[in-house]
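Counting starts at 1 for both ligands and their atoms, in listed order.
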Amino acid sequence: MSEMTAALNDHLSLEYAAWHDYSAMAVWLERHDLPGFATFMKAQAAEELAHANRIVDYLLERDLEPVLPAICRPRGDYASVLEVFQEVLTAERKVSASIHGLYKLAEKQDDQPARIMLEWFVNEQVEEENMARAVIGRLKLAGETGPGLLLVDQEMASGMVPGVSEGPPA
Ligand code: FEO
């Protein structure tokens with residue numbers, strides 16, 4: 001297995017972990033009567049699975065070997081919604097750093113197909129970090145309990161939070 005293929009396979013563990021962690025967060029949010037946040041987080045989890053599949057499909061298209069990773073049990077319990085999104089931001093920064101490393105490797109090896117495929121991820125990570133920061137900012141403004149939290153929950157459902165453009169799934 002080439003260095004690039006191995007590195008892409010290593011990265012898969014981050015995307016699958018994000019899918020698993022965000023799915024657990026969606027469950028926690030649903031159980032805490034926050035349907036707007038829960039719906040948003042389910043959509044985010046689905047995006048992470050799509051990211052993993054994008055890399056798997058790329059490897060298959062190039063006749064390279066995808067190796068699916070083991071996934072750790074997600075945390076599943078959080079002190080607050082703010083903590084959930086701080087954890088999302090930390091995870092997204094880790095994914096961004098990994099993508100940037102992959103991009104540099106593709107440049108170093110003059111692997112043009114990998115470099116072009118990774119450009120999509122570089123842009124996606126800018127959006128994902130911005131989304132997490134925007135939600136954290138909104139939660140800090142509105143407060144983490146009571147009417148303020150309910151307001152942000154409604155905003156999440158309607159896609160009104162800056163950086164959160166998805167809105168409810170169709
Ligand atoms: Fe696929 Fe949010 O990183």
Side-chain angles (χ1 to χ4, degrees), residues 4-30 34 36-62 64 66-76 78 80-107 111 113-139 152 155-157 159-170:
M4 190 74 229
T5 300
L8 285 167
N9 276 321
D10 282 348
H11 180 81
L12 276 180
S13 64
L14 292 181
E15 301 289 356
Y16 281 115
W19 162 65
H20 212 205
D21 287 343
Y22 295 177
S23 298
M25 288 172 181
V27 169
W28 185 89
L29 291 161
E30 190 89 49
L34 294 163
F37 279 107
T39 300
F40 173 78
M41 196 61 83
K42 276 182 212 162
Q44 280 303 118
E47 274 197 28
E48 298 304 341
L49 189 54
H51 294 172
N53 287 336
R54 199 175 180 109
I55 291 171
V56 169
D57 288 345
Y58 166 81
L59 290 169
L60 290 171
E61 279 171 17
R62 293 198 68 197
L64 301 167
V67 180
L68 274 58
I71 308 175
C72 293
R73 186 174 184 173
R75 184 175 153 192
Y78 310 91
S80 66
V81 183
L82 181 60
E83 192 189 25
V84 167
F85 279 87
Q86 282 168 334
E87 194 157 302
V88 169
L89 182 57
T90 300
E92 292 302 336
R93 284 177 172 157
K94 201 169 161 188
V95 171
S96 297
S98 176
I99 291 289
H100 297 164
L102 290 169
Y103 191 92
K104 276 186 203 155
L105 182 62
E107 282 187 318
D111 186 339
R115 189 185 61 74
I116 289 165
M117 183 274 292
L118 288 162
E119 268 177 12
W120 182 91
F121 281 92
V122 171
N123 291 326
E124 176 71 3
Q125 283 312 117
V126 171
E127 279 181 27
E128 300 229 319
E129 285 190 35
N130 183 48
M131 169 278 293
R133 277 195 306 270
V135 177
I136 288 168
R138 208 71 188 146
L139 283 167
V152 184
E155 289 183 341
M156 295 299 288
M160 279 174 60
V161 177
V164 178
S165 56
E166 289 85 355

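When distances from atom 1 (Fe) of ligand 1 to the N, O or S atoms of Glu15 are compared, OE1 comes out shortest. Distances from atom 1 (Fe) of ligand 1 to each N, O or S atom of His51 single out ND1 as the nearest. Of all N, O or S atoms in Glu128, the one lying closest to atom 2 (Fe) of ligand 1 is OE1. Nearest N/O/S atom of Glu48 with respect to atom 2 (Fe) of ligand 1 is recorded as OE2.
Atom 2 (Fe) of ligand 1 has an N, O or S atom of Glu92 inside 2.8 Å of it. Among the atoms of Glu124, none of the N, O or S atoms falls under 2.8 Å from atom 2 (Fe) of ligand 1.
Inter-residue side-chain proximity for Leu82 and Gln86 is flagged as met; some heavy-atom pair is nearer than 4.5 Å.
Ring centers of Phe37 and Phe85: under 6.0 Å apart, within the cut-off.
With values rounded to the nearest 0.5 angstrom, Asp111 atom CG is found 8.5 Å from Leu118 atom CG.
One side chain, Arg62 or Tyr58, offers a donor N or O that lies under 3.5 Å from an acceptor on the other.
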Given Leu64 and Leu8, is the side chain to side chain contact (heavy atoms under 4.5 Å, CB included) satisfied, shown in steps?
CA-CA 11 Å; Leu64 301 167; Leu8 285 167; over 6 Å; no

